[in-house]
Amino acid sequence: MAKFISFIFFAFFVSSFSYAQEKNDSVSLARSKAEASLPTDLHASFLIADPGLDFYSAYGHCVVRLQCPSKGLDLCHTYSLNENLENEVALFSGKGKGQYAAIKTPIFLKEYEEAKRGVKNYEINLTVEEIRNLWQILDEEMADGAYRTYNYLKTNCSSMSVSAVERCLGTSTIEWGTLSPGITGTYRDFVKTISEHRPWTGFFWTTILGHGGDELGDMEDKMGPTLIVPALTDAKIISAEGVSRPFLKGKPTMVLESGIEYKDWIFTPTTFFIAVLLLTIIASLLEWKRKGKAFVKSVDIFLLTMQTIAGVVIFYLSCISDMVGAAGNWNLLILNPLPFILWFVGRKRKWYNKVWMVYTIVILLYIVLWPISPQVDALRVLMASPLLVRCATRLVLTKTQNTK
């Protein structure tokens with residue numbers, strides 16, 4: 001009897017195992033057939049657009065292009081600021097949201113064609129499986145919507161395009177080729193490099209950068225559209241086994257010819273502050289000789305207005321907003337709302353004359369930071385010089401008048 005029961009259990013186990021094995025084989029066969037039916041004519045590329053002429057396009061643009069000719073698919077997956085006025089304003093509070101979006105390539109290119117911006121196609125040397133992974137990653141990102149905070153330093157169009165490709169590689173890694181100082185240096189070096197032909201845009205970003213701008217950060221964060229091209233040329237994809245292959249497949253192809261003429265700026269921040277410095281010197285000489293009261297007053301109003309506007313912006317970005325890289329800004333020493341507040345409440349009081357002495361000392365301390373802090377450079381010293389000239393002049397004249 002015991003042998004019979006054992007035989008029954010054994011027969012049941014064998015039949016169950018056979019059924020499970022048959023079911024697994026059926027699932028594997030179905031999966032193989034499904035995978036075999038998937039298209040294999042897949043292509044992945046970076047589309048890199050030349051810089052535009054406005055503020056938001058000054059650094060160019062980079063997107064991931066995915067193609068499947070047999071299915072008639074040609075899509076550009078772009079990561080950008082969610083475009084509406086509220087979100088563009090929120091960028092400066094550190095709360096602007098970025099998201100991936102898929103746009104048919106002809107529609108995507110139309111905007112650049114109208115703006116006469118050049119666009120090149122850099123095909124990436126990915127396997128079919130890796131491209132499928134990349135497509136799935138981007139589809140999932142789009143489904144998640146705008147959940148990431150967008151900022152120019154770390155989550156920008158090219159850094160997020162590179163990030164998506166890195167994720168699709170699995171255990172393989174990217175070994176980058178020629179890297180510019182803008183990629184290997186600090187975030188401040190990054191901004192200065194990509195702003196080489198955009199002096200006012202570069203001045204704005206380097207002025208609002210605080211101590212976060214002096215961090216090295218991740219190299220991939222700083223691969224701006226204009227910096228990534230040299231890095232792509234010699235880049236390699238290295239497998240976990242150490243086998244390498246070129247990152248790019250073939251040479252880049254021109255999609256749109258550039259029709260923009262990038263002219264050198266004549267009216268740069270440097271020429272502007274030199275002009276302002278000359279005006280303040282003239283105003284100070286006239287005030288010393290007790291002449292040109294209207295001109296002197298106009299120069300002082302201009303300086304106080306510009307200083308107050310810049311001070312409010314930097315104070316907000318550095319002390320109130322969550323904008324990445326803006327905290328700890330030494331420019332707050334000379335650019336803040338306090339001088340206007342003191343002038344507004346105390347310009348007719350006796351103690352107000354001491355403001356000139358205090359502010360002269362503060363500006364001199366700021367200039368002393370030049371060789372110490374990367375935040376204070378020659379341009380920032382030039383920016384502070386008109387304020388120093390006027391404060392020092394008023395301080396001397398006030399003391400001279402008090403001794404008479």
Side-chain angles (χ1 to χ4, degrees), residues 35 38-51 59-80 100-113 117-142 156-180 183 219-220 222-240 243-258:
E35 290 179 353
L38 291 174
T40 57
D41 56 333
L42 303 177
H43 304 274
S45 311
F46 284 144
L47 277 188
I48 300 179
D50 292 342
Y59 298 142
H61 194 42
C62 176
V63 303
V64 176
R65 181 185 189 183
L66 295 176
Q67 296 169 277
C68 179
S70 63
K71 298 294 183 181
L73 295 175
D74 188 354
L75 299 172
C76 286
H77 292 76
T78 174
Y79 182 86
S80 60
Y100 288 93
I103 307 170
K104 290 182 179 180
T105 299
I107 297 174
F108 174 81
L109 292 173
K110 186 176 180 181
E111 175 187 346
Y112 294 89
E113 185 177 13
R117 293 170 62 183
V119 178
K120 281 187 177 181
N121 186 90
Y122 297 80
E123 186 169 0
I124 308 171
N125 189 19
L126 299 178
T127 65
V128 170
E129 188 62 33
E130 288 167 345
I131 296 177
R132 287 173 182 166
N133 291 341
L134 178 58
W135 213 310
Q136 182 178 350
I137 287 167
L138 293 171
D139 282 346
E140 290 173 353
E141 285 284 355
M142 286 190 295
N156 51 64
C157 61
S158 50
S159 69
M160 296 307 294
S161 296
V162 169
S163 173
V165 172
E166 287 180 325
R167 288 162 61 188
C168 85
L169 292 175
T171 57
S172 298
T173 57
I174 301 173
E175 184 180 283
W176 296 106
T178 305
L179 299 175
S180 76
I183 295 177
M219 187 176 65
E220 286 79 2
K222 294 168 284 186
M223 288 191 174
T226 56
L227 301 182
I228 195 174
V229 174
L232 292 176
T233 306
D234 303 323
K236 297 177 181 178
I237 297 174
I238 312 295
S239 70
V243 179
S244 69
R245 64 183 190 269
F247 183 85
L248 293 181
K249 183 183 289 186
K251 294 182 178 181
T253 56
M254 183 68 71
V255 179
L256 290 176
E257 293 281 352
S258 176

Return the [atom1] to [atom2] distance between [X] and [Y], rounded to the nearest 0.5 Å.
X      : Y      : atom1 : atom2 : value
Cys76  : Tyr100 : SG    : OH    : 14.0 Å
Lys249 : Glu123 : NZ    : CD    : 5.0 Å
Asn156 : Ser163 : CG    : OG    : 11.0 Å
Leu138 : Met160 : CG    : CE    : 10.0 Å
Lys236 : Asp234 : NZ    : CG    : 8.5 Å
Thr233 : Leu248 : OG1   : CG    : 6.5 Å

Strictly distance-based, threshold 3.5 Å: is any side-chain N or O of [X] a donor or acceptor partner for the main-chain N or O of [Y]?
X      : Y      : value
Ser161 : Cys157 : yes
Tyr79  : Val64  : no
Asn121 : Val255 : no
Gln136 : Asn133 : no

Plane angle bin for Phe247 and Trp176 - parallel if under 30°, tilted between 30 and 60°, otherwise perpendicular: tilted

Verdict with reasoning, Leu42 to Leu66, per side chain to side chain contact (heavy atoms under 4.5 Å, CB included) = CA-CA 7 Å; Leu42 303 177; Leu66 295 176; over 6 Å; no

Electrostatic pair [X]-[Y], nearest N-O below 4.0 angstrom:
X      : Y      : value
Asp74  : Arg65  : yes
Glu140 : Arg167 : no
Arg245 : Glu175 : no

For residues 222-230, which side-chain donor-acceptor pairs fall under 3.5 Å, sequence neighbours excluded?
| residue | atom | partner | partner atom | Å |
| --- | --- | --- | --- | --- |
| Lys222 | NZ | Ile183 | O | 3.1 |
| Lys222 | NZ | Gly185 | O | 2.5 |
| Lys222 | NZ | Leu216 | O | 2.4 |

Heavy-atom closest contact ([X] atom, [Y] atom, distance):
X      : Y      : answer
Ala164 : Leu134 : O-CD1, 3.5 Å
Asp50  : Ser258 : OD2-CB, 3.5 Å
Ser172 : Ser239 : OG-CA, 3.4 Å
Gly60  : Arg117 : CA-NH2, 3.7 Å
Leu126 : Ala44  : CD1-CB, 3.9 Å
Ser244 : Ile238 : CB-CD1, 3.2 Å

*Please lay out, stage by stage, how Leu169 and Glu130 fare under the test side chain to side chain contact (heavy atoms under 4.5 Å, CB included).*
CA-CA 6 Å; Leu169 292 175; Glu130 288 167 345; 3.7 Å; yes

Checking Lys120 against Thr253 for the side chain to side chain contact (heavy atoms under 4.5 Å, CB included) test, could you report, in this order, the C-alpha distance in whole Å, the side-chain angles of both residues, the deciding distance, and whether it holds?
CA-CA 6 Å; Lys120 281 187 177 181; Thr253 56; over 6 Å; no

A side-chain contact here means heavy atoms from C-beta on lying under 4.5 Å apart; do [X] and [Y] qualify?
X      : Y      : answer
Leu179 : Met219 : yes
Pro51  : Tyr59  : no
Thr78  : Ile103 : yes
Leu109 : Leu256 : yes
Phe46  : Val165 : yes
Val119 : Ile48  : no
Tyr122 : Lys251 : no
Glu129 : Thr40  : no

Quick one: do Lys110 and Ile107 satisfy side chain to side chain contact (heavy atoms under 4.5 Å, CB included)? Show the steps, please. CA-CA 5 Å; Lys110 186 176 180 181; Ile107 297 174; 5.7 Å; no

